[in-house]
Undergrad: 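One structure, as structure tokens, below. Some questions next.
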Amino acid sequence: MKVKKSTAFAFVVPFLVFFAAFWVIPFVYGLYISLHKYSFAVGRQEFVGLKNYARILVGDSIHKEAFYLGMGNTIKFVICTVPVLVLGSLALALIVNELPESVKRYYRAIYFASYSVSVTAVASTFVWLMKGTGGYLNNLMIKLGLISAPIYWLEKEPFVWITLTVATIWWTVGYNMMLYISALNEIDEQMYEAARVDGGGYWKTLIYITLPNINGVSI
């Protein structure tokens, strides 16, 4: 069934409105005030250009140390999570996509369910699971004799990075998997049939057909 352009546009408009209101406008305004002297007491003052950026990067700003600490932690977080999210989501998508149609929808729903949970609920759940004193995981590991003292998963490194990585992957892997599944479903089945006729095995098909046709997926 062909959908009218006006109907399709009507479905897109609410997203565009909220995207502009809660992302584009605040982002542009943030850039604008960053070029001015700003005080919480009196608000925006005179234009200073790039001086604020220079102060926090190489100057004497009191926020310089916190800025570089935040940048370092952000880079570390990306290194810990992105490779697993990309490769793990792709692996799940390939596995689920090979399942029979009668059960495929249930596995998609199971893996995607975590993404429907709010970030507040995810944080609360993992605090309950991983907190150092009285946390469910510590209590379980002590009862099983795996540890003799609590592990402070949320308070000490490197344990806090393990908790953040696991929580992030659990929360978002299903969404990324669905993006890959959508891309896999767009691949022309005739390409796979031609590969089978030519004697192409699973790995050759994956490398020369599947991956090139889904490389545009952005997670």
Undergrad: I'd like to know if the side chain of N213 and the backbone of I209 have a donor-acceptor N/O pair within less than 3.5 Å.
TA: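 Between the backbone of I209 and the side chain of N213 there is a qualifying donor-acceptor contact (under 3.5 Å).
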Undergrad: Does I214 share a hydrophobic cluster with L206, counting links as ILVMFWY side-chain heavy atoms below 4.5 Å and allowing steps through other members?
TA: yes
Undergrad: Taking the side chain as everything from C-beta on, heavy atoms only, tell me whether L90 gets closer than 4.5 Å to L211.
TA: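 Yes, their side chains come closer than 4.5 Å.
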Undergrad: Is it the case that one hydrophobic cluster holds both I110 and L94, taking links as side-chain heavy atoms less than 4.5 Å apart, direct or via other members?
TA: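 The answer is no; the residues belong to distinct hydrophobic clusters.
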Undergrad: Between N138 and I151, is there a donor-acceptor pair closer than 3.5 Å when you use the side chain of the first and the backbone of the second?
TA: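 Flag set: sc N138 to bb I151 pair under 3.5 Å.
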Undergrad: When Ile, Leu, Val, Met, Phe, Trp and Tyr are grouped by side-chain heavy atoms lying under 4.5 Å apart, directly or through other members, which residues fall in the same group as Y208?
TA: I207
Undergrad: Under a single-linkage definition using a 4.5 Å side-chain heavy-atom cutoff for Ile, Leu, Val, Met, Phe, Trp and Tyr, are V103 and Y111 assigned to the same hydrophobic cluster?
TA: yes
Undergrad: Could you pull out every donor-acceptor pair under 3.5 Å between side chains of residues 59-75 and any protein atom, sequence neighbours left out?
TA:
from: S61; atom 1: OG; to: H63; atom 2: N; distance (Å): 3.1
from: Y68; atom 1: OH; to: L57; atom 2: O; distance (Å): 2.6
from: N73; atom 1: ND2; to: L69; atom 2: O; distance (Å): 3.4
from: T74; atom 1: OG1; to: G70; atom 2: O; distance (Å): 2.8

Undergrad: Report the residues that fulfil ring pair (Phe, Tyr, Trp, His ring centres under 6.0 Å) with Y29, sequence neighbours left out, ordered by chain and then residue number.
TA: none
Undergrad: Looking at NZ of K51 and OG of S34, how far apart are the two atoms once the value is rounded to the nearest 0.5 Å?
TA: 14.5 Å
Undergrad: Within the supplied structure, the quantity of interest is the number of heavy atoms (other residues, nucleotides, ligands) at a distance under 6.0 Å from K204 NZ; does it exceed 12?
TA: no
Undergrad: Could you check if a side-chain atom of L140 sits within less than 4.5 angstrom of a side-chain atom of L146, using non-hydrogen atoms only?
TA: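 The answer is no; the side chains never approach within 4.5 Å.
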Undergrad: Show me the side-chain donor-acceptor pairs of residues 189-198 shorter than 3.5 Å, one per line, residues at least two apart or across chains.
TA:
from: E189; atom 1: OE2; to: R196; atom 2: NH2; distance (Å): 3.3
from: Y192; atom 1: OH; to: T210; atom 2: OG1; distance (Å): 2.8

Undergrad: Over all heavy atoms of both residues, which pair between W170 and V173 is shortest? Give the atoms and the distance, please.
TA: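 Closest approach of W170 to V173, heavy atoms only: O-CG1, 4.2 Å.
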Undergrad: Got a list of side-chain donor-acceptor pairs under 3.5 Å for residues 120-131, not counting sequence neighbours?
TA:
from: S124; atom 1: OG; to: T120; atom 2: O; distance (Å): 2.9
from: T125; atom 1: OG1; to: A121; atom 2: O; distance (Å): 2.8

Undergrad: Give the other cluster members for V48, using side-chain heavy-atom distances under 4.5 Å between Ile, Leu, Val, Met, Phe, Trp and Tyr residues; answer none if it is isolated.
TA: none
Undergrad: Residues two or more places apart in sequence or in another chain: which of them pass ring pair (Phe, Tyr, Trp, His ring centres under 6.0 Å) with F22?
TA: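 Testing F22 for ring pair (Phe, Tyr, Trp, His ring centres under 6.0 Å), a comparison that skips the adjacent residues, returns F18.
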Undergrad: Using the rule that two of Ile, Leu, Val, Met, Phe, Trp, Tyr join whenever any of their side-chain heavy atoms come within less than 4.5 Å, decide whether I142 and L137 are in one cluster.
TA: yes
Undergrad: Hey, what do you get for CG (N97) to CE (M177), rounding to the nearest 0.5 Å?
TA: 10.0 Å
Undergrad: Output the rest of the hydrophobic cluster of Y53: all Ile, Leu, Val, Met, Phe, Trp and Tyr residues reachable through side-chain heavy-atom contacts under 4.5 Å, sorted by chain and number.
TA: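 Result for Y53 is V12, F15, L16, F19, W23, V24, F27, V28, L31, L35, F47, L50.
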Undergrad: Taking atom OH as the centre, does Y107 end up with more than 12 heavy-atom neighbours from other residues, nucleotides or ligands that are less than 6.0 angstrom away?
TA: no
Undergrad: Keeping to residues at least two apart or across chains, list the salt bridge (charged side-chain N to carboxylate O under 4.0 Å, His left out) pairs with something in residues 148-173.
TA: K76-E157
Undergrad: Are the side chain of S116 and the backbone of A113 linked by a donor-acceptor contact shorter than 3.5 Å?
TA: yes
Undergrad: Taking the side chain as every heavy atom from C-beta outward, state whether V96 and Y106 have any pair of such atoms under 4.5 Å apart.
TA: no
Undergrad: Listed by chain and number, what are the side-chain hydrogen bond (donor to acceptor under 3.5 Å, both in side chains) partners of Y136, not counting sequence neighbours?
TA: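 Applying side-chain hydrogen bond (donor to acceptor under 3.5 Å, both in side chains) to Y136 gives none.
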Undergrad: For a quick test of reading the model, state the closest non-hydrogen atom pair linking I79 to P83 and the distance between them.
TA: O-CD, 3.2 Å
Undergrad: Do I33 and I25 share a hydrophobic cluster (ILVMFWY, side-chain heavy atoms under 4.5 Å, transitive)?
TA: no
Undergrad: Could you report the tightest heavy-atom contact between A21 and P26, atom names first, then the distance?
TA: O-CD, 3.3 Å
Undergrad: For H36, does its backbone N or O pair with a side-chain atom of N52 as donor and acceptor, under 3.5 Å?
TA: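 Yes; judged by distance alone, with no hydrogens or angles, the pair exists.
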Undergrad: Do Y175 and L85 have side chains that get closer than 4.5 Å, going by heavy atoms?
TA: no
Undergrad: Return the set of residues passing ring pair (Phe, Tyr, Trp, His ring centres under 6.0 Å) with F159 (not counting sequence neighbours), or none when no residue passes.
TA: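 Once residues adjacent in sequence are excluded, the partners of F159 under the ring pair (Phe, Tyr, Trp, His ring centres under 6.0 Å) criterion are W153.
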Undergrad: Less than 4.5 Å apart, any side-chain heavy atom of R108 and any of M178?
TA: yes
Undergrad: Is there a side-chain contact between Y152 and T133 in this structure, where contact means two heavy atoms from C-beta onward sitting under 4.5 Å apart?
TA: yes
Undergrad: Linking Ile, Leu, Val, Met, Phe, Trp and Tyr through side-chain heavy atoms less than 4.5 Å apart, which residues share a cluster with F77?
TA: V160, W161, L164
